[in-house]
Amino acid sequence: MSNIIDKSNTAIQTELAVSMDKQAVASAFGKAAKHYDKAAAFQRHVGHLLLDKLPHLHAVDNPKEVIDVGCGTGYFSAELLKLGFKVTAADLSAEMLAQAKQRCGDDCHYLHADAENLPVADNSYDLAFSSLALQWCDDLSVPLNELKRVVRPGGMIFFTTLVDGSLDELKKAWAQIDHYQHVNEFKAENEIKVALAQTGLQIDKLIFSPIVTHYQSAVGLMKDLKGIGATHLQHKRQNVLFGRQTLNALEQAYDVYRDENNLLPATYQVCFGVLIND
């Protein structure tokens, strides 16, 4: 069911089965893999905030096993290695895993897999870490239940996901231009809470927080979104080419948000979750 790059011989098995929609997501991120890190400042910021919530479980004499789901280019897999964890880096995109392999070498195990269907045994890990990946799943309870399955009793799950209202400035600016969908929609706070209730996991922390990044231009923001591969629209997908006139109109519409520092805000609504598998 997976492509597994084994730590010892890097042998690859190719049997990953994903839906057409997941294939589109994997393709979008795969195309971005080689230049993802250049555009991922926001993703790194959020991931470090999540990393700070990890307990100090990384005793050298008793290293804990962790799976990094949606590892991307392996940035946080490498950070987890630095903390002394035994890491499995998992991602839907084979190209992203290849970048993770370049970064982490033979220090990680690599798993080409869908977060909703991880090809590993029950109770395999002490911890699960997943930052800004689970928003690509239609039903948040599905990957969370899968993480519950692979994490040992008493283990913990650390995740972040985007929430409704993310990139609202960009969405409203585009609404002044046309009627196409240009910005993905995300789960509302209540939907996330319902999904968590469906898992039966104990909530240690659940924080909803806005995080604002800043750009010189709307096009700069869109280039970063393209750079990280976040261009696949989950619904109402449209193939639209943007001419200079359209982009100029977007800049004018977005400009109403320009702040006192002459920068354009891009506000993300982020959910930070720390769960206990009791």
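All residue numbers in this chain count up from 1 along the given sequence.
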Novice: Return the CZ to CZ distance between F76 and F129, rounded to the nearest 0.5 Å.
Specialist: 5.5 Å
Novice: For the hydrophobic clusters of this structure (ILVMFWY residues joined by side-chain heavy atoms under 4.5 Å, transitively), does one cluster hold both V194 and L147?
Specialist: no
Novice: Work out which heavy atom in S130 is nearest to a heavy atom in V69; give both atom names and the distance.
Specialist: OG-O, 2.9 Å
Novice: Work out which heavy atom in A121 is nearest to a heavy atom in S124; give both atom names and the distance.
Specialist: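 The pair with the smallest heavy-atom distance is O-OG, 2.6 Å.
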Novice: The test is side-chain contact (heavy atoms from CB on, under 4.5 Å); show your working for L132 and T161 and say whether it passes.
Specialist: CA-CA 5 Å; L132 297 180; T161 189; 5.7 Å; no
Novice: Would you call D204 and K53 a salt bridge, using N to O less than 4.0 angstrom?
Specialist: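 So D204 does not pair with K53 through a salt bridge.
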Novice: Shortest non-hydrogen contact from D278 to G200?
Specialist: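 Of all heavy-atom pairs spanning D278 and G200, the closest is OD1-O, 4.3 Å.
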Novice: Is there a donor-acceptor contact under 3.5 Å from the side chain of Q99 to the main chain of K101?
Specialist: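 Checked: no pair found.
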Novice: To the nearest 0.5 angstrom, please state how far the CD atom of E116 sits from the CG atom of L134.
Specialist: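 So the gap between those two atoms works out to 9.0 Å.
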Novice: Check whether any side-chain heavy atom of Q176 sits under 4.5 Å from a side-chain heavy atom of Q252, and report yes or no.
Specialist: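 Side-chain contact under 4.5 Å: no.
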Novice: Distance-only, no hydrogens or angles: does the E251 side chain make a donor-acceptor pair with backbone N or O of V219 under 3.5 Å?
Specialist: yes
Novice: Check the pair V270, F208 against side-chain contact (heavy atoms from CB on, under 4.5 Å), reporting the backbone distance first and the verdict last.
Specialist: CA-CA 6 Å; V270 184; F208 294 90; over 6 Å; no
Novice: Please say yes or no: joined through hydrophobic side-chain contacts below 4.5 Å, possibly via intermediate residues, are V46 and V212 part of one cluster?
Specialist: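 Hydrophobic grouping puts V46 apart from V212.
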Novice: Taking Y257 as the starting point, is it possible to reach L263 by hopping between hydrophobic residues whose side chains are less than 4.5 Å apart?
Specialist: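 No.
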Novice: Using the side-chain contact (heavy atoms from CB on, under 4.5 Å) rule, take L144 and L196 through it: C-alpha gap first, then chi angles, then the decisive distance, then the call.
Specialist: CA-CA 8 Å; L144 288 178; L196 286 169; 3.5 Å; yes
Novice: Do L170 and L225 have side chains that get closer than 4.5 Å, going by heavy atoms?
Specialist: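 Yes, their side chains come closer than 4.5 Å.
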Novice: Does a donor on one side chain sit under 3.5 Å from an acceptor on the other, for D224 and Y215?
Specialist: yes
Novice: Are the side chains of I67 and L111 in touch, meaning some heavy atoms are under 4.5 Å apart?
Specialist: yes
Novice: Please check this pair: side chain of Y254 against backbone of P265, looking for a donor-acceptor N/O pair closer than 3.5 Å.
Specialist: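 Indeed, once roles are kept as given, a pair shorter than 3.5 Å links the two residues.
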Novice: Please check if atom CD in Q198 has more than 12 non-hydrogen atoms from other residues, nucleotides or ligands closer than 6.0 Å.
Specialist: yes
Novice: If I compare all heavy atoms of A89 with all of L97, which pair ends up nearest, and what's the gap?
Specialist: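 Scanning both residues, the minimum pair turns out to be O-CD2, 3.6 Å.
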Novice: For H48 together with Y75, are the ring centres under 6.0 Å from each other?
Specialist: yes
Novice: Just so I know, are the side chains of W136 and L92 near enough to count as touching, which here means a heavy-atom distance under 4.5 Å?
Specialist: no
Novice: Evaluate the side-chain proximity of D126 to V66: yes if any heavy-atom separation is below 4.5 Å, no if none is.
Specialist: no
Novice: Which atom pair, heavy atoms only, marks the closest approach of A78 to C104?
Specialist: N-SG, 3.8 Å
Novice: Taking a hydrophobic cluster as the set of Ile, Leu, Val, Met, Phe, Trp and Tyr residues connected by side-chain heavy atoms closer than 4.5 Å, whether directly or through intermediates, do V142 and V120 fall within one such cluster?
Specialist: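 No, it is not one cluster - the side chains of V142 and V120 are not joined through contacts under 4.5 Å.
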Novice: Looking only at side chains, do D68 and S77 share a donor and an acceptor under 3.5 Å apart?
Specialist: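 S77 and D68 do have a side-chain donor-acceptor pair below 3.5 Å.
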Novice: Strictly distance-based, threshold 3.5 Å: is any side-chain N or O of D114 a donor or acceptor partner for the main-chain N or O of N117?
Specialist: no
Novice: Decide whether D91 and S93 meet the rule of one side-chain donor and one side-chain acceptor closer than 3.5 Å.
Specialist: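 D91 vs S93: no donor-acceptor pair found between side chains.
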Novice: If you define the side chain from C-beta out and look only at heavy atoms, does anything of N184 sit under 4.5 Å from L167?
Specialist: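 Heavy-atom side-chain distance check fails, nothing below 4.5 Å.
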Novice: Quick one: SG on C108 to NZ on K86, what's the gap to the nearest 0.5 Å?
Specialist: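 So the gap between those two atoms works out to 12.0 Å.
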Novice: Tell me, with the steps shown, if K172 and V256 meet side-chain contact (heavy atoms from CB on, under 4.5 Å).
Specialist: CA-CA 11 Å; K172 289 178 177 177; V256 300; over 6 Å; no
Novice: How many angstroms lie between atom CD of Q216 and atom CG of L264, to the nearest 0.5 angstrom?
Specialist: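 Spacing of CD (Q216) from CG (L264) equals 8.0 Å.
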Novice: Should K171 and D168 count as an ion pair when the cut-off is N to O under 4.0 Å?
Specialist: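 Between D168 and K171 there is no salt bridge, as every charged N stays at least 4.0 Å from the carboxylate O atoms.
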Novice: Might you point out which heavy atoms bring F158 and M156 nearest each other, and give the distance in Å?
Specialist: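 Taking F158 first and M156 second, the nearest heavy atoms are CE1-CB, 3.5 Å.
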Novice: If I take atom OG1 from residue T73 and atom CD from residue Q43, how far apart are they, to the nearest 0.5 angstrom?
Specialist: 10.0 Å
Novice: Does any donor atom in the side chain of T160 or S131 lie under 3.5 Å from an acceptor atom in the other side chain?
Specialist: yes
Novice: Once you round to the nearest 0.5 Å, how far does SG of C271 lie from NZ of K187?
Specialist: 12.5 Å
Novice: Do you see a donor-acceptor pair shorter than 3.5 Å between the side chains of T267 and E169?
Specialist: yes
Novice: Any side-chain heavy atom of M222 sitting closer than 4.5 Å to one from W174?
Specialist: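 Yes - at least one pair of side-chain heavy atoms lies under 4.5 Å apart.
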Novice: Is a donor on one side and an acceptor on the other found under 3.5 Å between the side chain of N277 and the backbone of G155?
Specialist: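 Between the backbone of G155 and the side chain of N277 there is no qualifying donor-acceptor contact (under 3.5 Å).
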Novice: Could you tell me whether the side chain of V150 reaches within less than 4.5 Å of the side chain of N123, counting heavy atoms only?
Specialist: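 In short, these two side chains do not touch, never coming nearer than 4.5 Å.
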